[in-house]
Amino acid sequence: MMAATSGLFSDLREIKKQLLSISWLCRERGLMHSVKWASELAFSLESIPLNELPSMPALTEEDAQDLDAFTLAKSYFDLKEYDRAAYFLRGCKSQKAYFLYMYSRYLSGEKRKDDETVDSLGPLEKGQVKNEALRELRVELSKKHKARELDGFGLYLYGVVLRKLDLVKEALDVFVEATHVLPLHWGTWLELCNLITDKEMLKFLTLPDCWIKEFFLAHIYTEQQLIEEALQKYQSLIDAGFSKSTYIISQIAVAYHNIRDIDKALSIFNELRKQDPYRIENMDTFSNLLYVRGLKPELSYLAHNLCDIDKYRVETCCVIGNYYSLRSQHEKAALYFQRALKLNPRYLGAWTLMGHEYMEMKNTSAAIQAYRHAIEVNKRDYRAWYGLGQTYEILKMPFYCLYYYRRAHQLRPNDSRMLVALGECYEKLNQLVGAKKCYWRAYAVGDVEKMALVKLAKLHEQLNESEQAAQCYIKYIQDIYSCGVST
């Protein structure tokens with residue numbers, strides 16, 4: 001496996017050229033997140049001499065004809081005047097201008113949807129507003145697709161439209177096609193990540209054997225909580241020559257956060273902040289770790305620092321929300337999470353955190369809505385499933401509770417908290433065999449809260465299995481002493 005990976009990265013100079021080229025192509029089309037990803041990665045590699053720098057893509061006859069309209073429209077697009085940009089691109093024939101025309105119309109619909117969401121509705125009713133442009137765009141892009149007239153960028157946009165219309169199977173096929181036509185566009189790979197639900201599904205996809213696939217696999221393993229595999233991938237990428245990549249460092253920090261190795265994650269985030277002090281991306285994840293550790297001064301410093309850099313970023317709002325939450329000012333915390341959602345209604349972390357705040361304020365119906373919106377954005381968010389389980393537990397509805405805890409457990413099979421919650425649920429439903437299995441498994445995977453053995457012992461007592469109960473108590477006492485915990 002390592003040999004195959006190193007073969008893909010044998011010519012880092014060529015990879016740097018490819019990254020600079022794709023960065024240019026994405027910039028022309030307004031795909032700035034992909035530009036940023038490619039640029040950050042290129043920056044981590046050695047500089048290349050002037051005579052080896054890639055040349056700008058040659059203009060076609062159609063590009064030349066559309067140049068004036070494209071240049072004008074791109075200036076409007078960059079200023080977020082999407083309808084205006086689309087107006088001046090009507091009738092353009094080149095692939096580049098056609099993409100910007102369709103993308104402007106798509107973003108105009110998204111902007112209108114977000115504006116309506118913020119203006120007319122409370123933050124908990126966001127799912128009702130739709131992007132009205134999607135159906136029209138689908139019809140037009142479908143015709144082009146059938147005629148094989150879409151390039152890699154066009155295929156990417158067609159896939160996004162299909163995904164937004166919940167046509168998952170069609171979207172998946174189109175994104176896979178796009179990776180073959182234009183393998184270096186990171187945006188397509190990220191969209192694929194959102195649609196692949198498990199490792200099995202990944203096996204059945206025919207993806208191009210390109211170096212970028214290694215980054216994709218590392219990313220999807222992180223998303224699917226396959227952290228060991230993800231960390232191996234990232235280590236092999238570092239060994240291949242990307243040791244200075246802040247993107248990889250941040251992904252490794254997120255991976256350690258996901259397996260709750262808090263000290264390791266904190267250490268990596270602190271290192272990342274030294275290398276990239278004005279970075280805002282992932283800082284909400286960093287603040288979650290500071291929150292869990294109860295590090296008020298550090299969280300306060302981070303919140304003030306991000307506020308100075310850009311107080312109107314969703315991550316900044318989430319960090320400030322976490323700060324107020326740690327100080328038990330839950331109304332103020334919820335206010336900042338709502339502010340984050342006004343800035344970006346599709347920002348997953350804010351929905352989940354807002355659900356937690358409503359739970360603290362005993363507003364269960366608002367918490368349920370917030371967690372459901374989080375799941376709408378990302379069905380793999382175990383925290384939202386777990387939060388729903390806790391909410392229905394408060395409402396004394398154990399069957400609902402069981403369903404949500406099961407979903408959380410499927411996403412985090414080795415997280416003892418999910419297993420203990422499931423065990424408690426089975427107990428309430430008098431399914432004691434299921435409860436025993438859950439508590440034992442929670443102990444076996446490394447019980448974070450050190451509660452599973454006590455709960456298991458009490459169950460054995462209830463069932464008059466005093467010998468097993470005694471063994472559990474003895475194990476519990478041994479564990480407590482070996483950890484140096486005094487009772």
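Residue numbers start at 1 and run along the sequence shown. Computed from a predicted structure; not experimentally measured.
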Within this structure, what is the [atom1]-[atom2] distance for the pair [X] and [Y], rounded to the nearest 0.5 Å?
X	Y	atom1	atom2	answer
Y382	T352	OH	OG1	9.5 Å
I196	L207	CD1	CG	6.5 Å
L395	Q390	CG	CD	12.0 Å
L295	S300	CG	OG	12.0 Å
L343	Q338	CG	CD	12.0 Å
E223	L411	CD	CG	11.5 Å

task = Walk me through it: do F153 and Y103 pass the test ring-ring contact (aromatic ring centres under 6.0 Å, His included)?
result = CA-CA 10 Å; F153 291 111; Y103 192 40; 9.8 Å; no

Minimum side-chain heavy-atom gap [X]-[Y] below 4.5 Å:
X	Y	result
L290	F269	no
V314	I280	no
L419	Y405	no
V420	C438	no
L272	R279	yes
F9	L237	yes
Y221	L231	no
L205	L172	yes

task = Please assess N322 against F337 for the test side-chain contact (heavy atoms from CB on, under 4.5 Å), listing each intermediate value before the final yes or no.
result = CA-CA 9 Å; N322 270 339; F337 296 135; 3.9 Å; yes

Determine whether a donor-acceptor pair (N or O, by modelled atom type, separation under 3.5 Å) exists between the side chain of [X] and the backbone of [Y].
X	Y	answer
T179	V176	yes
W189	P183	yes
T285	V254	no
S104	L100	yes
S39	V35	yes
R313	E315	no
Y439	E424	yes
K16	A42	yes
W385	K379	yes
T222	A218	yes

ask   = Can W186 and H33 be said to form a side-chain contact (heavy atoms from CB on, under 4.5 Å), step by step?
value = CA-CA 9 Å; W186 181 240; H33 287 289; over 6 Å; no

What do you reckon, is [atom1] of [X] surrounded by more than 12 foreign heavy atoms closer than 6.0 Å?
X	atom1	result
Q275	CD	yes
K264	NZ	no
Y76	OH	yes

Assess whether a salt bridge exists between [X] and [Y], defined as any Lys/Arg side-chain N lying under 4.0 Å from an Asp/Glu carboxylate O.
X	Y	result
E393	K428	yes
R293	D263	yes
R163	E191	yes
R112	D83	yes
E427	K458	no
K233	E214	yes
K74	E28	no
R412	D415	yes
E132	K113	no

message = Using the rule given for side-chain hydrogen bond (donor to acceptor under 3.5 Å, both in side chains), can you reason through S416 versus R441, listing the C-alpha separation, both sets of side-chain angles and the distance that settles it, and then say yes or no?
response = CA-CA 8 Å; S416 63; R441 174 97 180 113; over 6 Å; no

task = Can you spot which of F99, Y156, F175, W37 makes a ring pair (Phe, Tyr, Trp, His ring centres under 6.0 Å) with H185?
result = Y156

Grab the two heavy atoms, one from [X] and one from [Y], that are nearest each other, plus how far apart they are.
X	Y	result
C193	R380	O-NH2, 3.1 Å
C401	G389	SG-O, 3.3 Å
G159	V174	N-CG1, 3.7 Å
C425	L402	SG-N, 3.5 Å

ask   = Between F242 and Y234, does the ring centre distance come in under 6.0 Å?
value = no

inquiry  = side-chain hydrogen bond (donor to acceptor under 3.5 Å, both in side chains), that's the test. Do R273 and N305 meet it? Break it down for me.
reply    = CA-CA 11 Å; R273 296 256 299 154; N305 183 232; 3.0 Å; yes

task = Determine, stepwise, if the pair Y371 / H356 fulfils ring-ring contact (aromatic ring centres under 6.0 Å, His included).
result = CA-CA 9 Å; Y371 288 136; H356 296 344; 5.6 Å; yes

key: Y392 vs Y404, ring-ring contact (aromatic ring centres under 6.0 Å, His included): CA-CA, chis, key distance, verdict   = CA-CA 9 Å; Y392 281 107; Y404 292 117; 5.4 Å; yes

request  = Start with the C-alpha gap between H257 and N288, add the side-chain angles, then the distance that decides, and say whether side-chain contact (heavy atoms from CB on, under 4.5 Å) holds.
outcome  = CA-CA 9 Å; H257 163 269; N288 293 343; 4.0 Å; yes

inquiry  = Against the six-membered ring of Y324, is R327 placed for a cation-pi contact (under 6.0 Å from the centre, within 45° of the normal)?
reply    = no

task = Kindly confirm or rule out a cation-pi arrangement of K164 over Y106, judged by NZ or CZ under 6.0 Å from the six-membered ring centre and within 45° of its axis?
result = no

From CA spacing to verdict: salt bridge (Lys or Arg N to Asp or Glu O under 4.0 Å), R105, E110 = CA-CA 9 Å; R105 287 170 60 193; E110 285 293 291; over 6 Å; no

task = Check whether the side chains of Y291 and S325 place a donor and an acceptor atom closer than 3.5 Å, and report yes or no.
result = yes

request  = Report the C-alpha distance between W211 and L184 in whole Å, list the side-chain angles of each, state the deciding distance to 0.1 Å, and finish with yes or no for side-chain contact (heavy atoms from CB on, under 4.5 Å).
outcome  = CA-CA 9 Å; W211 60 265; L184 296 173; 3.5 Å; yes

